Amino acid sequence: MSLATETAAPLTVPPAPRKRRIPGWARGIIWAIGIVAVLSTASYLTGVNTLTSTNTAQTALRLALPILLCALGGLWSERGGVVNIGLEGMMILGTWGAAWGAYYGGPWAGLGAAIVFGALGGLLHAIATVTFNVNHIVSGVAINLLGLGVAKYLATLIFEPLSGNPRQSPTVPTFDTYSATFLSNWLTDLEDQQRVFISDAAGLLNGLVTGVAPLTMIAILLVPVSYLVLWRTRLGLRLRSCGENPVAAESLGINVYAHKYLGVLVSGGLAGMGGASLVLLQGGGGYLENQTNGRGYIGLAAMIFGNWRPGGLLGGAALFGYADGLQLSGGGRAVLALLYGVVLLLFVIVVVQLIRRQWIAAALGVVGAGVLYWIYWSNDTLPSELTPYTAHVVTLIVLAVASQRLRPPKAGGARYRRGEGD
């Protein structure tokens, strides 16, 4: 008699279901709604309507553009593995090129000249860092100094005979602006009704569709374009691989030098466009010495705040542009009201941290909210000497808060020689 034996099939444990992540665009919409809600509440409680006015939104958009374009420039360079703190110098070259080109050929010629001059600064940075392996920080500092010096020399040589002033150019033509008239009229009516949240959202949105220049639309369009190119094309994958592991990229037949050069050249061109936005939009009208006022560095901070992602740096540029625009349109009292809004935001964050049982983070949030509320409660307005530095202070605070979650490209700033993996 034979007994049939069965071999039991090995038990397989089904994989744990993956948590569904909220898409990036959906997170952006949620954040936008939340920020509008905070600003609306702060505006209602403080009585400062400037927080959500059309004028503030218009000014913030105009001031956010050079920051956004510099941040995009930094993204292209650093995703390719080249740290670019020379964005300020490339932007300065762009301001001079924009004024020179616009004076002789109109705003579109000025935009093209700004891109070329910015790209030339990027080319110098690429030659130093990629070909000669110069330290990226040292090269970036040199580009900033060189850009400042070259712009001063060229302004004295070209603009002084025209304007009589070596520090500025003659007035140059700027881009025309366009408005969505029907939508703008409807939003203006909603804003005038002074209804909580609805009027605030209408005022902010109205500022984004009124008096918009072609350069503004191009700059905003470059955000999704950069995402599609860098994350959805073969070229972008190769460029990002050079920033993560250039030796492995070379072993797969990728020309690492060419891709690094491309990233830095695009970076310089975008920074030059940022300089052009200071010259060719309404409120500009010409080159002026020290016109950039450190916006290249703030653009670099916006890129870091955005964790080297296009959507994140868009939010960073909007934040810094809003802080700068608010102090121009509303002065110290409006900035003080913004502090009150930050207190409300910190209160929400503290509640979330308590639910997550993150006791240390919640305690730090309480301390920060207490300090900011004390500043708001003890002052009627901020001194006029401090308000021009609002965007710079916001930059420092945001970088300090965001530094715990950053993930830069692994080979960013690393020296590379062809054939190192052999």
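Since this is a predicted model, take the numbers as computed values, not measurements. Both backbone and side-chain heavy atoms feed into the values below; hydrogens, waters and symmetry mates do not.
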Query raised in the report: From Leu326 CG over to Thr59 OG1, what is the distance, rounded to the nearest 0.5 angstrom?
Result: 9.5 Å
Query raised in the report: Between Arg238 and Glu250, is there a side-chain N and carboxylate O pair less than 4.0 Å apart?
Result: no
Query raised in the report: Using the benzene-type ring in the case of Trp, are the ring centres of Phe159 and Trp100 under 6.0 Å apart?
Result: no
Query raised in the report: Are Asn255 and Tyr261 close enough that a side-chain donor and a side-chain acceptor fall under 3.5 Å?
Result: no
Query raised in the report: Would you say the side-chain atoms of Ser77 pair up with the backbone N or O of Val82, donor to acceptor, closer than 3.5 Å?
Result: yes
Query raised in the report: Is the distance between the ring centroids of Phe197 and Tyr44 less than 6.0 Å?
Result: no
Query raised in the report: Do Ser139 and His125 get their side chains close enough for a donor-acceptor pair, meaning under 3.5 Å?
Result: yes
Query raised in the report: Are Thr56 and Ser329 close enough that a side-chain donor and a side-chain acceptor fall under 3.5 Å?
Result: yes
**Report entry** Spatial distance of atom CD1 (Ile143) from atom CD1 (Ile92) [nearest 0.5 Å]
**Finding:** 11.5 Å
Requested in this report: State, yes or no, whether a side-chain contact exists between Ser226 and Trp231 at a heavy-atom distance under 4.5 Å.
Outcome: no
Report task. Examine Arg309 relative to Tyr227 and say whether NZ or CZ is less than 6.0 Å from the centre of the six-membered ring and inside a 45° cone about the ring axis. Result -> no
Query raised in the report: Can you pull the ring pair (Phe, Tyr, Trp, His ring centres under 6.0 Å) pairs that have at least one residue in residues 336-358, sequence neighbours excluded?
Result: Tyr340-Tyr376
Query raised in the report: Side chains of Ser179 and Thr210: donor-acceptor distance under 3.5 Å anywhere?
Result: no
Query raised in the report: Between the side chain of Asn206 and the main-chain N/O of Ala202, is any donor-acceptor distance below 3.5 Å?
Result: no
Query raised in the report: Do Leu51 and Tyr322 come close enough that some side-chain heavy atom pair is under 4.5 Å?
Result: yes
Report task. Might you point out which heavy atoms bring Gly73 and Ser267 nearest each other, and give the distance in Å? Result -> O-OG, 2.7 Å
Requested in this report: To the nearest 0.5 Å, tell me how far Leu215 CG sits from Met273 CE.
Outcome: 5.5 Å
Query raised in the report: Just wondering, do Arg415 and Asn135 contact through their side chains at under 4.5 Å, heavy atoms?
Result: yes
Requested in this report: Verify salt bridge (Lys or Arg N to Asp or Glu O under 4.0 Å) between Arg195 and Asp200, making sure each step is shown before the conclusion.
Outcome: CA-CA 8 Å; Arg195 298 163 65 182; Asp200 298 296; over 6 Å; no
